[in-house]
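Numbered from 1 within each chain, the chains take letters A, B, ... in sequence-line order.
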Number of protein chains: 2
Amino acid sequence: MCHHCNYQELLTSVKLETTESRLRVLEVVGNNSFPLSAGDIYKTLERSVSINRVTVYRILDLLVDHGIVERLSTGGRSAYFGLAPNDYHQPHPHFYCKQCGQMDCLNPDSLTVKVESLSKTFPGRIDKVEIRVDGICKNCLKQN
Amino acid sequence: MCHHCNYQELLTSVKLETTESRLRVLEVVGNNSFPLSAGDIYKTLERSVSINRVTVYRILDLLVDHGIVERLSTGGRSAYFGLAPNDYHQPHPHFYCKQCGQMDCLNPDSLTVKVESLSKTFPGRIDKVEIRVDGICKNCLKQN
DNA sequence: AGCCAATAAGCAATATAGTTGCATTACAAT
DNA sequence: ATTGTAATGCAACTATATTGCTTATTGGCT
Ligand SMILES: [Mn+2]
Ligand SMILES: [Mn+2]
Ligand SMILES: [Zn+2]
Ligand SMILES: [Zn+2]
């Protein structure tokens, strides 16, 4: 767990009741150093606690809606989940290996984006800018 | 059709035989000013020609593999397709409206990314950088 | 032209990820 | 303890994409 994050507090900070399941889901997401799919999160939880697959999906939706978890698209079919940016975690781009499906967090400064000009002129509402780098990871590269 | 693109030529330029179906799919993708889902492309084609849904998926995969069509992830469940960047079409970010699912192409300069530092140090292979802006489009905004 | 091999397209079945409706359980307030 | 509300479980379902196999089309050859 990130020493800045108390998951219990994180839940109450967005006015969500703490339940065992919510805390477990948030722990799995937060304790992991890279984003995970809903399926990964479910499989991880299943090993230690009893929880339903649908509950995992619902809790993830809930945490995303409340802004403490971020849903990331991939080059593949499923979304991945990580802790949302906050005071202690800057927004940052991710790398997605299209071979093994592993997603990695990149340094916030490794790719920077200038969003001001767009924000000024864009006629709609902008909620988020997602930057994803696609390719083949180091491990998969050396296997070939 | 973009006056720079001859779709027939585009196919032969990547050593793909021209078939009626490939040409039709590429036309729909290329003639559209914003990216479309496989389903949208299929529905469009269906109106005028007889083609199978699976064929559309296969052709899209093929065109993506050959680098003339680009697959874009969305905040939603399906991928969208547009012409891949080439000499006449710079890479550019996209806007995705999470309400209506419309995707729009943004100006190549509206968001710029510095990828050099990452390319130098990143241990894997980088194929693509995808930038997606999520939010609510102008039309959906005024409906509420 | 006719034949053959290779490739493309069609069709049905299947896979995968996520969602919905409704029943059951837990839990907080009274 | 009772009750109302919200969370979770379970089964069925939806949307999107993929697979295996059959049929049709194409291009090269004679
Ligand atoms: Mn991250
Ligand atoms: Mn575009
Ligand atoms: Zn990999
Ligand atoms: Zn919209």
So if I define the base as every atom that isn't primed, P, OP1 or OP2, how would nucleotides 25-30 of chain C read as a B/S/- string at a heavy-atom cutoff under 4.0 Å?
------

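- Near DNA chain D, meaning a heavy atom under 4.0 Å away, there are no residues from residues 95-104 of chain B.
- To the nearest angstrom, C1' of dA7(D) lies 15 Å from CG of L60(A).
- Taking 3.5 Å as the limit, the base of dG18(C) and the side chain of R71(A) contain no donor-acceptor pair of atoms between them.
- Proximity of T19(B) to the phosphate of dA8(C): no side-chain N or O atom is located under 4.0 Å from OP1 or OP2.
- The stretch residues 43-56 of chain A comes close to DNA chain D through S50(A), I51(A), N52(A), V54(A), T55(A), each having a heavy atom under 4.0 Å from the strand.
- Among the heavy atoms of the strands lying under 4.0 Å from R58(B) is at least one base atom, whether or not backbone atoms are also near.
- Looking at heavy atoms from C-beta onward, L16(B) lies in side-chain contact with L63(B) at the 4.5 angstrom threshold.
- Rounded to whole Å, atom C1' of dT26(D) lies 15 Å from atom CG of L16(B).
- Note on ring orientation: taking the six-membered ring where Trp is involved, the planes of Y80(A) and Y96(A) are perpendicular (angle over 60°, cut-offs 30° and 60°).
- Between the side chain of R77(A) and the base of dA17(C), no donor-acceptor pair under 3.5 Å is found.
- A salt bridge between R24(B) and E20(B) is present, with a side-chain N of the basic residue lying under 4.0 Å from a carboxylate O of the acidic one.
- Between the CG atom of L23(A) and the C1' atom of dA7(D) there is a distance of 15 Å, rounded to whole Å.
- Ion pairing between a basic and an acidic side chain is recognised when a charged N comes within 4.0 Å of a carboxylate O; K43(A) and E46(A) show no such pairing.
- Nearest to the side chain of Y57(A), among dT8(D), dA8(C), dT19(C), sits dT19(C).
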